[in-house]
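Just follow the structure's listing: the first ligand is 1, and inside any ligand the first atom is 1.
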Amino acid sequence: MNDMTQTAPQSLADWQALAAALTLESRAYINDTFTDAADGATLTTINPATGETLAEVASCDAADADTAVAAARRAFDGGEWSQLAPAGRKAVLLRLAELMETHKHELALLDTLDMGKPVSSSLGDMAGAIGCLRHHAESIDKLYGEVAPTGNSALGLVLREPLGVVASIVPWNFPLMMTAWKIAPALAAGNSVILKPSEKSPLSALRLASLAREAGLPRGVFQVLPGFGHTVGKALALSMDVDCLAFTGSTAVGKQLMQYAGQSNLKKVFLECGGKSPNLVFADCKDLDRVAQHAAGAIFHNQGEVCIAGSRLLVENSIREAFVDKVLAAAERMQPGDPLDPASFMGAIVDDTQHARILDYIRKGVEEGARLRTGGQALDGPGLFIPPTVFDGVTDDMVIGREEIFGPVLSVFGFDSEEEAVRLANDSDYGLAAGLWSQDIDRIMRVTRWLRSGQVFVNNWAEMDQTVPFGGVKQSGNGRDKSHHSLEEYSDLKSVWMTLTP
Ligand code: NAD
């Protein structure tokens, strides 16, 4: 095991030293054992900031999924976790949160090396992941069932029970934080959880497995199956013995998962998918410099690889020219740098495929006649870096104005009226997040109600807390992560009728 608990790295050199000392777990974690894939297959995970291979990781397939599902079912039916008093589950999950805290630098480093995000951002993710574990651990022994108001001849009890075996399939953009958002409520509720991390970022999930074992999660209650979506992901989704698919990822794959559920056992499918989030700036908003800074951060944070990226900036035409200049100035301060440098705001793009996809969208934007104001070219290697890119004069018929690019590319639209702003904002298949900048309280209330979006940020971008649900509407998904509402995704209601004999 790595001993990275002694020092708090401060500088690029400190992080490089920690990276050099790292030993990586590359095996799957199935039924309390670290193991190779049944057929011995591996996948290569690279550091996108350097192009270097980090590890050959077990690439699981259907046989591994079957073994893990059977172990998860045995664990669930055995009751060691599923029937444990909530206070008992709380104690174990708090221990896991404590271990994550102790190893947070190592966990943050793994995410940074694996997918290229700046290490300061990864550390922020760790705080979010640990906070999520603690929140659900602390809340689970404070939830009560119900006695229904039925009348005196019978007693109607409404109990909340775990679902059984939950497969959590997660993306690469916030590897450990997305994992925590899924596994914390699922485990707290008493389920057995099989985690499938993205093939692009499996390393922190495998480290988490060893911490979960150390924390005392019983055999089979938490397992990690690295591998591809079309192999092990699909096998889990088609399994007749998985009760719930908890998914975060693209809308296209979310749709496939619903089909797999229909083709198999009608498992519950809970989706957090893509976005093309509008950020509405009205001329009456206060402090344009601050708003521009936030508007740039909303798209360039995490290299734009964020589900709620504010990728469509809608600006009232009377201030548009001046406001875009301020956004460009803010973007200039957000150039990519070495992800291990704590001063870097942006890091590397996750892999060649995503890098090529982003550049392809930029090419389309130019071809469609949008006005490229900054960026647009990949930086010279080694490593996969794309600078902040801003297109102005985007219209709602352009591909870059409609499709999720998932990279540091901002599309600026102009509008002349509140109605036009709302129409543009809602003219999207997605409905994950929206921002609204104004000082007019009547407008804020009106527009907030009209926006078809799972969350609306008023005079901020991406305010977050464990107590507030996170999720989308339309093709951005059908579930909620975080807060006590997420427990509803991982539990069912059982109604119990007790006749009272007179
Ligand atoms: P993706 O859909 O390609 O992959 C997500 C996960 O699904 C991965 O683990 C992948 O291996 C797996 N998968 C792929 N095909 C599968 C299949 N046929 N069967 C089962 N599993 C399969 O997405 P990605 O590229 O990893 O992540 C980017 C996407 O995630 C973006 O669209 C982004 O908006 C979205 N996202 C959404 C949220 C949210 O909370 N709404 C958060 C983060 C990311």
Side-chain angles (χ1 to χ4, degrees), residues 43 45 57 59-62 65 111 114-115 117 125 128 132 167-182 194-202 204-205 224-239 242 245-261 263-264 267 269-277 299 301-311 349-351 353-355 357-358 403-407 428-433 453-455 462 464 469-482 486 489:
L43 59 84
T45 179
V57 173
S59 183
C60 295
D61 205 337
D111 276 355
D114 228 1
M115 60 70 67
K117 70 164 54 197
D125 294 357
C132 184
S168 296
I169 301 180
V170 295
W172 47 263
N173 60 335
F174 293 88
L176 202 62
M177 198 166 79
M178 292 299 106
T179 292
W181 287 13
K182 296 285 186 242
I194 302 171
L195 171 68
K196 196 211 86 64
S198 168
E199 59 276 17
K200 301 181 187 188
S201 61
S204 60
V224 181
L225 301 190
F228 291 100
H230 63 274
T231 57
V232 68
K234 182 175 175 181
L236 289 168
L238 282 169
S239 167
V242 167
L245 279 179
F247 173 74
T248 299
S250 63
T251 295
V253 173
K255 288 181 181 183
Q256 273 180 309
L257 297 190
M258 290 191 117
Q259 290 181 8
Y260 295 152
Q263 286 163 24
S264 53
K267 54 180 70 65
V269 182
F270 144 45
L271 305 173
E272 299 285 359
C273 298
K276 186 78 179 175
S277 297
I299 177 66
H301 169 59
N302 213 44
Q303 308 75 243
E305 297 163 330
V306 182
C307 54
I308 56 162
S311 52
I349 302 299
V350 66
D351 68 359
T353 312
Q354 187 65 12
H355 190 251
R357 187 182 131 97
I358 296 166
E403 296 185 9
E404 183 182 46
I405 298 174
F406 222 55
S428 171
D429 292 338
Y430 299 108
L432 191 53
S453 178
Q455 49 228 311
M464 298 262 165
F470 182 101
V473 297
K474 301 199 274 182
Q475 293 187 38
S476 289
N478 60 2
R480 291 294 177 271
D481 284 321
K482 302 173 85 178
S486 64
E489 312 288 355

Strictly under 4.0 Å, does any heavy atom of [X] approach an atom of ligand 1?
{"X": "S198", "value": "yes"}
{"X": "C273", "value": "yes"}
{"X": "Y260", "value": "yes"}
{"X": "L271", "value": "no"}
{"X": "F247", "value": "yes"}

Can a side-chain donor-acceptor contact be found between D114 and T45 if the only test is distance below 3.5 angstrom?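 Side chains of T45 and D114: pair found under 3.5 Å.
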Under a plain distance cut-off of 3.5 Å, with no hydrogens placed, do Q475 and K255 share a side-chain donor-acceptor pair?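 Checked: K255/Q475 side chains pair up, N/O donor to acceptor below 3.5 Å.
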Is it the case that ligand 1 has an N or O less than 3.5 angstrom from some N or O of [X]?
{"X": "H230", "answer": "no"}
{"X": "E199", "answer": "yes"}
{"X": "K196", "answer": "yes"}
{"X": "N173", "answer": "no"}
{"X": "V170", "answer": "yes"}
{"X": "W172", "answer": "yes"}

Point-to-point distance, once rounded to the nearest 0.5 Å, from [atom1] of [X] to [atom2] of [Y]:
{"X": "Y260", "Y": "K267", "atom1": "OH", "atom2": "NZ", "answer": "11.0 Å"}
{"X": "S198", "Y": "M178", "atom1": "OG", "atom2": "CE", "answer": "13.0 Å"}
{"X": "L432", "Y": "I308", "atom1": "CG", "atom2": "CD1", "answer": "7.0 Å"}
{"X": "Q303", "Y": "F406", "atom1": "CD", "atom2": "CZ", "answer": "10.0 Å"}

Of the side chain and backbone of [X], name the one, both, or neither that has a heavy atom under 4.0 Å from an atom of ligand 1.
{"X": "L432", "value": "side chain"}
{"X": "E272", "value": "both"}
{"X": "F406", "value": "side chain"}
{"X": "M178", "value": "side chain"}

Which residue and non-hydrogen atom of the protein lie closest to [atom], and at what distance in Å?
{"atom": "atom 20 (C) of ligand 1", "value": "G233 C, 3.3 Å"}
{"atom": "atom 23 (O) of ligand 1", "value": "S250 N, 3.4 Å"}
{"atom": "atom 35 (C) of ligand 1", "value": "G249 O, 3.2 Å"}
{"atom": "atom 40 (O) of ligand 1", "value": "F470 CE2, 3.3 Å"}
{"atom": "atom 36 (N) of ligand 1", "value": "C307 CB, 3.5 Å"}
{"atom": "atom 22 (C) of ligand 1", "value": "G229 CA, 3.3 Å"}
{"atom": "atom 31 (C) of ligand 1", "value": "E404 OE1, 3.4 Å"}

Just by distance, do the side chain of [X] and the backbone of [Y] share a donor-acceptor pair under 3.5 Å?
{"X": "D481", "Y": "F470", "answer": "no"}
{"X": "R480", "Y": "E272", "answer": "no"}
{"X": "E305", "Y": "V350", "answer": "yes"}
{"X": "E404", "Y": "G275", "answer": "yes"}

Passes side-chain contact (heavy atoms from CB on, under 4.5 Å), R357 versus I405? Steps please. CA-CA 8 Å; R357 187 182 131 97; I405 298 174; 5.6 Å; no
What closest approach, in Å, do T251 and C273 show between heavy atoms, and which atom pair accounts for it?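 That closest heavy-atom pairing would be OG1-CB, 3.4 Å.
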Could you point out which residue of I194, T231, L257 forms a side-chain contact (heavy atoms from CB on, under 4.5 Å) with L236?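 Answer after filtering I194, T231, L257: I194.
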Please check if a non-hydrogen protein atom sits closer than 4.0 Å to atom 11 (O) of ligand 1.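 Under the 4.0 Å cut-off, atom 11 (O) of ligand 1 does have protein heavy-atom neighbours.
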According to the side chain to side chain donor-acceptor pair (under 3.5 Å) rule, which pairs have a member within residues 170-180, sequence neighbours left out?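 Sorted result for residues 170-180: empty, none.
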Counting heavy atoms only, which of P171, G274, G454 is nearest atom 27 (O) of ligand 1?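 Minimum heavy-atom distance to atom 27 (O) of ligand 1 goes to P171.
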Lys/Arg N to Asp/Glu carboxylate O, K474 vs D429, below 4.0 Å: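 The answer is no: the pair does not qualify as a salt bridge.
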For ligand 1, which atoms have a heavy atom of [X] less than 4.0 angstrom away?
{"X": "L257", "result": "19 (N), 20 (C)"}
{"X": "T248", "result": "5 (C), 36 (N), 37 (C), 38 (C), 39 (C), 40 (O), 42 (C), 43 (C), 44 (C)"}
{"X": "V253", "result": "2 (O), 13 (N), 14 (C), 15 (N), 16 (C), 22 (C)"}

I'd like to know whether NZ of K200 has more than 12 heavy-atom contacts from other residues, nucleotides or ligands below 6.0 angstrom.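 Enclosed.
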